[in-house]
Amino acid sequence: MTTTEKYNVRVTLFGTVTLENHRGRAVENPSRQSQPWLLLKYLLVHRTRDVEPEELAAALWTDKPNAAGENAARVRLNRLREALTPLGLEGKSGLVQYAGGRYRLNPRYRLDTDEDRFLDLMARLRACPQEDPAGLTLCLEALSLAAGPYLGKTGESPWAAPYRDYYRREWAALARETLARTRLLGDGRGLDLLCRRAPVLVPEDGELHEDICRCLQEEGREIDLLRYAARPVPKGRKPKPALQGHEIVSKIVIQKGQVYTVSAPSGQRPLQYARRDEPGLTQVFREEGLQGLLTAVAREIHRGTIRTRADSRITRAIRKALHTMGLETFLDMEEDQAVQALAALTIEELG
């Protein structure tokens, strides 16, 4: 191993923060040593300059007076050095230094961050003509780097918010650029990765999610469309109005000719069809589209061949829809009339 390799450190800032070198890998654990890692993350974000103790105290320990905050930084520095011992980055000559009354990252170490690589790819992408296939390759490389939100496990830290907002906008721009190049070149290589990244990085961008759904539909990828639209909504968030055009699809995913709703937190399927043979609901969707699938759902409800569990959001929505219509009225209708009436209601009630 050369001297240069000894001082190389690979840093991940998107998602879970990690450090990696020739001796191993260190991963942040919010449940243990969160404060020392918070100090490290602040220095990594501001790695191009020295940081005053007063700045650290004001940013990281706002609940403490300045003197107490500065003392907290010194304590965290010692603990951070202990945490970096397995990588050989501990000590006063290690990665994190306190020199001249300021905190800094040791300039001897070469930090290879996913952030720098992402920004470089975005700059090259903006300079690449849309009709150039190399641009789509750059999109894929950038998508692969954005494995999670910037400083994903840092919590609601005011100092980190501007950086997160910036990368959220950058990622949304990357997603839209990927869609534009996919349509122009007729090359859907990036759609799988895009579908995995979008719900995590920009869950609130309903317009983008609608555009991804349209692109999947244009590419003829019906099953991928349903799986994408059926993605779980992150805890504490509600679907934006722009997503409500996929009310039924956002609750249903087709697998092997059967239709299931998105799994409940317990892992159970809260609404499940009995096994169906031909033509199968996958085929219904392919041949008749979303409205045909919705009609099939409503028809099964009317026939009573559907099984539900009481804790299902969809069950509650269907019951509400039937209550609005009146269950007896629904059952007394002719099947086609009942299906049409319930389908119209469930679109509204399941949104």
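Computed from a predicted model, the values in this text were never measured in an experiment. Computed from heavy atoms alone, side chains included, the values below leave out hydrogens, waters and symmetry copies.
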Requested in this report: List the steps and the verdict of side-chain contact (heavy atoms from CB on, under 4.5 Å) for Arg81 and Lys92.
Outcome: CA-CA 9 Å; Arg81 285 171 171 169; Lys92 294 182 179 180; 4.0 Å; yes
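- A pairwise comparison of heavy atoms in Gln130 and Ala180 identifies NE2-CB, 3.7 Å as the closest pair.
- Taking the side chain as every heavy atom from C-beta outward, Arg164 and Pro149 never approach each other to under 4.5 Å.
- Hydrophobic clustering (side-chain heavy atoms under 4.5 Å, transitive across Ile, Leu, Val, Met, Phe, Trp, Tyr) groups Leu111 together with Tyr167.
- Residues Val202 and Leu151 are members of one and the same hydrophobic cluster, defined by side-chain heavy-atom contacts under 4.5 angstrom among Ile, Leu, Val, Met, Phe, Trp and Tyr.
- Between Glu55 and Arg49 there is a salt bridge, since a side-chain N of the basic residue sits under 4.0 Å from a carboxylate O of the acidic one.
- The pair Arg181-Glu177 meets the salt-bridge criterion, since a charged nitrogen lies less than 4.0 angstrom from a carboxylate oxygen.
- The minimum heavy-atom distance between Cys128 and Ala134, with the atom names listed, is SG-C, 4.3 Å.
- Nearest heavy-atom pair, Arg23 versus Thr85, reported as atom, atom and distance to 0.1 Å: NH2-O, 4.3 Å.
- Tyr98 and Leu80 fall within a single hydrophobic cluster, where Ile, Leu, Val, Met, Phe, Trp and Tyr side chains are chained together by heavy-atom contacts under 4.5 Å.
- Rounding to the nearest 0.5 angstrom, the gap separating the CG atom in Leu201 from the CZ atom in Arg196 is 12.0 Å.
- Using modelled atom types, no side-chain atom of Asn106 and backbone atom of Tyr109 make a donor-acceptor pair closer than 3.5 Å.
- In plain terms, the two heavy atoms of Ala26 and Trp37 that are nearest each other are O-CH2, 3.8 Å.
- Within the 4.5 Å cutoff, the side chain of Val75 has no heavy atoms near those of the Pro36 side chain.
- When only modelled atom types and interatomic distance are considered, Gln97 and Arg104 share a side-chain donor-acceptor pair under 3.5 Å.
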Requested in this report: Go through His46 and Lys41 one step at a time and tell me if the side-chain contact (heavy atoms from CB on, under 4.5 Å) criterion holds.
Outcome: CA-CA 9 Å; His46 302 91; Lys41 285 186 277 190; over 6 Å; no
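- The hydrophobic cluster containing Val200 does not contain Leu179, counting ILVMFWY residues as joined when their side-chain heavy atoms lie under 4.5 angstrom apart, directly or transitively.
- With rounding to the nearest 0.5 Å, the separation of CG in Leu136 from CD in Glu141 is 10.5 Å.
- Nearest heavy-atom pair across Leu56 and Ala73 is CD1-CB, 4.3 Å.
- Clustering ILVMFWY residues whenever any of their side-chain heavy atoms sit less than 4.5 angstrom apart, transitively, puts Tyr163 in the very cluster that holds Leu121.
- Just one of Phe118, Trp171, Tyr166, Phe14 meets the ring-ring contact (aromatic ring centres under 6.0 Å, His included) condition when paired with Tyr150; it is Phe14.
- Under the salt bridge (charged side-chain N to carboxylate O under 4.0 Å, His left out) criterion, Glu90 pairs with no residue at all, not counting sequence neighbours.
- Counting heavy atoms from C-beta outward, Thr182 and Cys215 have side chains that approach closer than 4.5 Å.
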Report task. Could you walk me through whether Gln35 and Arg79 pass side-chain contact (heavy atoms from CB on, under 4.5 Å), step by step? Result -> CA-CA 9 Å; Gln35 293 300 310; Arg79 292 179 180 173; over 6 Å; no
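- With rounding to the nearest 0.5 angstrom, the OG1 atom of Thr178 is 8.5 Å from the CG atom of Leu193.
- Using modelled atom types, one finds no donor on one side chain facing an acceptor on the other under 3.5 Å when comparing Glu52 with Tyr103.
- Counting heavy atoms from C-beta outward, Glu219 and Leu191 have side chains that approach closer than 4.5 Å.
- Paired with Asp205 under the rule salt bridge (Lys or Arg N to Asp or Glu O under 4.0 Å), one option of Arg176, Arg168, Arg169 passes, and it is Arg176.
- Once rounded to the nearest 0.5 Å, the distance linking CG of Asp187 with CG of Leu140 reads 8.0 Å.
- For the pair Leu43/Val45, no side-chain contact is recorded, criterion being any heavy-atom separation below 4.5 Å from C-beta on.
- Taking CG of Asn29 as the start and OG of Ser34 as the end, the distance is 9.0 Å to the nearest 0.5 Å.
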**Report entry** Full working for side-chain contact (heavy atoms from CB on, under 4.5 Å) between Leu87 and Glu20
**Finding:** CA-CA 8 Å; Leu87 301 184; Glu20 188 173 0; over 6 Å; no
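- Atom SG of residue Cys195 and atom CG of residue Leu216 lie 4.5 Å apart, to the nearest 0.5 angstrom.
- Ala175 approaches Leu194 most closely through the heavy-atom pair CB-CD1, 3.6 Å.
- A salt bridge links Arg183 to Asp211: at least one charged side-chain nitrogen sits closer than 4.0 Å to a carboxylate oxygen.
- Checked options Asp112, Asp114, Thr113, Asn21; the residue passing with Arg10 is Asp112 (criterion: side chain to side chain donor-acceptor pair (under 3.5 Å)).
- No donor-acceptor contact under 3.5 angstrom links the side chains of Arg110 and Tyr7, judged on distance only.
- Val27 pairs in a side-chain contact (heavy atoms from CB on, under 4.5 Å) with only one of the listed residues (Val17, Leu19, Thr12, Thr18), which is Thr18.
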